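Order of appearance sets the numbers: ligands from 1, and atoms from 1 within every ligand. Model, not experiment: these values are computed from the prediction.
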Amino acid sequence: AAENNTEQTAAAPDSNQKFLNKPLITEIYTADPSAHVFNNKIYIYPSHDIESNVPQNDNGDHFAMRDYHILSMDSVGGKVTDHGVALDIKDIPWAGRQLWAPDAAFKDGTYFLYFPVKDKNDVFRIGVATSTSPTGPFKPDPKPIEGSFSIDPAVFKDTDGQHYMYFGGIWGGQLQKWENGKFNPNGSKTDSGKENEPAISPKVAKLSADMHSFAEPVKDVQIVDKEGKPLLTKDHDRRFFEASWMHKYNGKYYFSYSTGDTHYIAYATGDNPYGPFTYQGVILNPVLGWTNHQSIVPFRDKWYLFYHDTELSKGQTHLRNIKITELKHKPDGTIETITAYKE
Ligand code: FUB
């Protein structure tokens, strides 16, 4: 596979059906696409899947990624450019293994890449790296963000300019091992195990003005049902697993996430960045492969869902490819459920 500065044509910009729900790039495996519009262009910050030959387990050890490539496109359906290695695990002084789903942000002339990776004690932390270009190369801070843990950072810029980081993931993402604010290596391998208690919550924290640290203690993101009761651990079809994302539409906050072992991308809405968020339904039905992971962005008066599946590798769960499709908000504010394949 060509690893650097590969350019390829996805399809003509106006022939929607030709590129929607197709792998955006076929030269490398990509997953967990966090898309952003910077300078009127779409930039995608994905994981870069590789064959590591690590045996598969519930911890996700076989997801042993080692670098990030950033992709860009001028228009949906236009040329997709792979800008080559933007950050390599060997250049992160505190990193041990497994570079998982990243995200990015821009403030005051600097681009920030946020990334989860296990430290040398095999504990997931979240790091930050900076660049003057949206495509890197990115220079990592010497230490992880203080107070950070677990995986899947998603950085949301509110309309008032304030940035928030949402994060967390259970099972291999280790969130259940942090239940009392300290890492417990002997903690549960999966959910909390307390089936009738509230499910483990994703986390949120305001970012500091310089974007390198949390500006406040980490808070729980509560996901509740229509009666305002927290979703329970046993509610695997609706409870949070990983893949946080936030978007704002018509003044409402939409928190979306993967339900993991039931493979849905679900969403819940709230009135402010902290929630609580009321469960609304499914955005994306299960895709080919175990994981499901999304980002949602507006671009030139349409909304798009970026996601992944395992079409290219014919179902190998750790070798994924990113895709794009249109997302529609209905007049009542709910989102049309997407099934990525013809029914
Ligand atoms: O890519 C590794 C992990 O798989 C991500 O961090 C999760 O969201 C899942 O997609």
Fill in: Passing candidate, side chain to side chain donor-acceptor pair (under 3.5 Å) with His308, options Asn292, Asp49, Thr291
Thr291

Against heavy atoms of [X], which atoms of ligand 1 measure under 4.0 Å?
X: Glu242; result: 7 (C), 8 (O), 9 (C)
X: Ala101; result: 6 (O)
X: Asp152; result: 5 (C), 6 (O), 7 (C), 8 (O)
X: Met65; result: 1 (O), 2 (C)
X: His293; result: 7 (C), 8 (O), 10 (O)

Worksheet item: With a 4.0 Å cut-off, would you call Lys22 and Glu311 a salt bridge?
Response: no

Discussion item. Whether Asp32 and Arg320 form a salt bridge (side-chain N of Lys/Arg under 4.0 Å from carboxylate O of Asp/Glu) is what I want to check.
Written reply: yes

Item to complete: Could you walk me through whether Asp61 and Arg97 pass salt bridge (charged side-chain N to carboxylate O under 4.0 Å, His left out), step by step?
Response: CA-CA 9 Å; Asp61 283 349; Arg97 60 177 181 142; 3.6 Å; yes

Practice prompt. Flag yes if Phe156 and Phe299 sit in one hydrophobic cluster, no otherwise; membership is Ile, Leu, Val, Met, Phe, Trp, Tyr, and two members link when side-chain heavy atoms are under 4.5 Å apart.
Written response: no

Discussion item. Tell me whether His318 reaches ligand 1 (any heavy atom closer than 4.0 angstrom to a ligand atom).
Written reply: no

Practice prompt. Answer with side chain, backbone, both or neither: which part of Arg320 has a heavy atom less than 4.0 angstrom from an atom of ligand 1?
Written response: side chain

Worksheet item: For Asn292 and ligand 1, does the shortest N/O to N/O distance drop below 3.5 Å?
Response: no

Item to complete: Could you tell me whether Asp32 and ligand 1 have an N or O pair separated by under 3.5 Å?
Response: yes

Item to complete: For the pair Ser131 and Ser133, evaluate side-chain hydrogen bond (donor to acceptor under 3.5 Å, both in side chains) and give the outcome as yes or no after the intermediate values.
Response: CA-CA 5 Å; Ser131 177; Ser133 158; 4.7 Å; no

Worksheet item: Are any non-hydrogen side-chain atoms of Val117 and Trp100 less than 4.5 angstrom apart?
Response: no

